[in-house]
Number of protein chains: 2
Amino acid sequence: MVKVRAPHPDHTVKKILKGPPLSKDPRPLSKKEIRQENEKLILVAAEKVFAEAGFGGATMQLIADLAGLPKANLHYYFPTKEALYRQVVQNIFQIWLQAADVFDAASGPAEGIGAYIDAKMEISRRHPAGSKVWASEVMHRAPVIQDYLETTLVDWTTGRMKLIQHWIDTGRMDPVDPRHLLYMLWATTQHYADFGHQIETLNGAKPLSDEQWKGAKTCIKRIILKGIGVSEADFADL
Amino acid sequence: MVKVRAPHPDHTVKKILKGPPLSKDPRPLSKKEIRQENEKLILVAAEKVFAEAGFGGATMQLIADLAGLPKANLHYYFPTKEALYRQVVQNIFQIWLQAADVFDAASGPAEGIGAYIDAKMEISRRHPAGSKVWASEVMHRAPVIQDYLETTLVDWTTGRMKLIQHWIDTGRMDPVDPRHLLYMLWATTQHYADFGHQIETLNGAKPLSDEQWKGAKTCIKRIILKGIGVSEADFADL
DNA sequence: CCCATTCCTGACCGTATGGTCAAGGTGAGA
DNA sequence: TCTCACCTTGACCATACGGTCAGGAATGGG
C-alpha cells in the first residue's frame with residue numbers, strides 16, 4: 001500500500017487553527033506590558049490548541065503560530081510544554097470554582113441551584129476550550145492537577161454538599177443524595193461545552209443561537225428543580 | 001536549569017498500563033482463530049491506551065506492550081495508528097447505539113427513560129475506557145467519525161425525539177424540549193465514566209461500590225423522571 | 001550616553017515515534 | 001511431503017517534536 005503520510009485524526013486542527021494569528025496590541029509597550037501581553041497571548045492560544053488536539057496532540061509550533069510568536073519565544077516565557085499546560089489548567093480551575101459564589105450567596109435551592117446552572121452554562125458558552133481542557137485533564141486521570149482535586153475540590157464539594165443537606169433538612173427540597181445532584185449539575189452544564197461539536201452537528205451544523213442557549217438553560221433548570229422537589233412557584237420566573 | 005527529560009503529564013499512563021500483558025489463549029490456534037484473537041487483543045489494549053493517553057499521547061509501542069505483541073505485529077493487522085483508532089471508535093459507537101433498544105421497546109416514559117438510564121449507566125461502568133475514547137473523539141471535533149454523527153446519530157436522535165414528543169402529546173410527561181432531555185441523559189450517565197477519576201477522588205480515592213452505583217442510578221432516575229412530570233407511582237419500583 | 005537587564009529568534013540537537021521491510025516461521029490443503 | 005498463503009518480528013528509516021543556545025535588539029535606570 002502506498003502511503004504518503006498518515007493524516008493525523010487531528011488533521012482538522014491545523015485547518016481550524018489557521019487564520020490570522022491573535023492580534024497583538026500595536027502600541028509601544030513597556031517591558032512589564034510586553035510580558036503581560038505575551039503571556040496572555042500564549043495562554044489563550046495554548047488553551048485553544050490543547051482543547052482541540054489534547055495534550056499529546058498539541059505542538060508548541062501550533063501554539064506559537066496561533067499566538068503569532070516564534071516557537072523559541074514560548075520557551076522564554078514557559079520553560080516546558082507541561083508548565084504551559086499546567087498554567088492553562090490552573091486558570092480554568094479558577095473560573096470553575098468562581099461559579100460557586102452564586103451558590104453560596106443564595107437563600108435556598110431554587111435560587112442557588114438555578115443561579116449555579118446559569119453560571120455554569122455561561123462558562124460553557126464563553127469558555128468552551130477551557131472546559132474541554134479541564135475534561136481532558138480529568139479523563140486522563142488528572143496527571144498535573146491531582147493535588148488540586150484532593151484538596152481544593154474536595155473541600156469545595158464537601159461545603160456545597162453540607163449546604164444542600166441543610167436545604168433538605170429544612171424541608172426545602174426532596175432528600176436526594178447531594179453528591180449525585182452535584183455530579184448531575186456538572187455533567188449537564190459542561191456537556192454543552194465538551195460535546196458542543198455533537199450538539200452543533202445535531203443542530204444542523206449551526207452553533208446554538210441566543211434563544212437556544214436560553215432554552216437550554218430554562219429546560220435544565222425546570223427539570224432539575226422540579227426533579228428535586230422545589231415548589232414550582234419558586235422558579236416560575238425563569 | 002538542568003532538565004533530564006520533561007516528564008509528560010501522561011507519565012502516569014505508563015505506570016497504570018504496566019502489569020502483565022493481556023493473556024493470550026494458550027490453546028493451539030487455527031489461522032482464523034489467531035487473527036480473531038490478535039485483533040481482539042489489540043483492540044482491547046488500544047481502547048485502554050487511547051482512553052488513558054488520548055490519540056496524540058498514545059503510542060503504538062504502549063499498545064503493543066499491553067497487548068503482549070511486538071509493535072510490528074500491530075501494523076500487520078492495522079496498517080496505521082489511525083486505522084486502529086478508527087476501529088476502536090466505531091466499536092464504541094455500536095455499543096452506544098445498542099443502548100437505544102430498551103428505549104424503543106418501552107411502553108412509556110417511565111419505563112423507557114428509566115431503562116435507558118440503567119443501560120447507559122451500565123455502559124459507563126463496564127466500558128469506561130470506551131466512553132472516554134468517544135468523548136475525546138467528539139471533543140476534538142470528531143475527526144474520524146464525523147460522517148457517523150451526521151448520518152446515524154442524526155437519524156437516531158430524530159427518531160427518539162419523535163418518540164418523546166409522542167409521549168408529551170399523549171400527556172404522559174411534561175412538555176420539555178426532547179433535545180435537551182436527551183442531552184441531559186447522555187451527559188449525566190456518561191459523566192460517571194468520563195469523569196470517573198474525579199468521582200473516585202471525591203469518593204476517598206475508592207471506586208464506587210455496587211451499592212453506590214445502584215444509588216447513583218436510583219437518584220438520577222428519580223430526579224429526571226420526577227423532573228419531567230412522570231407520575232411518581234410509575235417509577236416507585238426503583 | 002552607558003550598560004545592565006530583559007526580550008527576541010533562527011539555527012540547531014537528541015530522541016521518540018509511526019511506519020517499513022525482508023527474512024524466517026507455521027498451519028493447512030493437496 | 002510439498003507448497004503456498006498467512007503470520008511474526010528484529011532491525012531499520014525518516015521525520016517531527018520538545019527543548020537549547022548564542023548572539024542580537026530593545027528598553028530603561030542612572
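In the text below, chain A, chain B and the rest are named by the order of the sequence lines, each starting its count at 1. All figures in this text were calculated on a predicted structure; none of them were measured in a lab.
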ask   = When the distance from CZ of B:F78 to P of C:dG18 is rounded to whole Å, what number comes out?
value = 16 Å
inquiry  = Looking only at the side chain of B:K81 (C-beta and beyond, no hydrogens), which of the listed nucleotides C:dG18, C:dC7, C:dT9 gets closest?
reply    = C:dG18
ask   = Reckon B:N38 has a side-chain N or O less than 4.0 Å from the OP1 or OP2 of D:dT8?
value = yes
note = From CD of A:E82 across to P of D:dG18 the rounded distance in Å is 13 Å
query = Does the pair B:D65/B:K71 count as a salt bridge with the N-to-O cut at 4.0 Å?
reply = no
ask   = For B:Y148, which of B:W134, B:F93, B:W156 qualifies under ring-ring contact (aromatic ring centres under 6.0 Å, His included)?
value = B:F93
ask   = Between A:L74 and A:K71, which has a closest nucleotide on DNA chain C that is more 5'?
value = A:L74
query = Rounding to a whole Å, what distance do you find between A:N73:CG and D:dC21:P?
reply = 17 Å
inquiry  = I need the CG-C1' distance between A:L69 and C:dT9, as an integer number of Å.
reply    = 11 Å
request  = In whole angstrom, give the distance that lies between atom CD of B:E37 and atom P of C:dG27.
outcome  = 15 Å
request  = State whether a side-chain donor-acceptor pair under 3.5 Å links B:Y85 with B:E137.
outcome  = yes
query = Rounded to whole angstrom units, what separation is found between the CG atom of A:L84 and the P atom of D:dC17?
reply = 16 Å
message = Students often get this wrong, so: under 4.0 angstrom with heavy atoms, is B:Y77 touching a base, only sugar-phosphate, or nothing?
response = sugar-phosphate
note = Separation of C:dC7 atom P from A:E33 atom CD, nearest Å, is 13 Å
query = Any side-chain N or O of A:Y76 under 4.0 Å from OP1/OP2 of D:dG19?
reply = no
ask   = Do A:Q190 and B:H191 get their side chains close enough for a donor-acceptor pair, meaning under 3.5 Å?
value = no
query = Within the distance-only criterion (no hydrogens, no angle test), does the side chain of A:K81 pair as donor or acceptor with the backbone N or O of A:F55 below 3.5 angstrom?
reply = yes
N or O in side chain of B:R35 less than 4.0 angstrom from D:dC7 OP1/OP2 = yes
request  = Determine the contact category for A:A58: base if any of its heavy atoms lies under 4.0 Å from a base atom, sugar-phosphate if only primed atoms, P, OP1 or OP2 are that close, otherwise nothing.
outcome  = sugar-phosphate
ask   = If each of A:H75 and B:A72 is mapped to the nucleotide of DNA chain D with the nearest heavy atom, which maps nearer the 5' terminus, i.e. the 5' end?
value = B:A72
message = I need the CD1-P distance between B:I34 and D:dA5, as an integer number of Å.
response = 17 Å
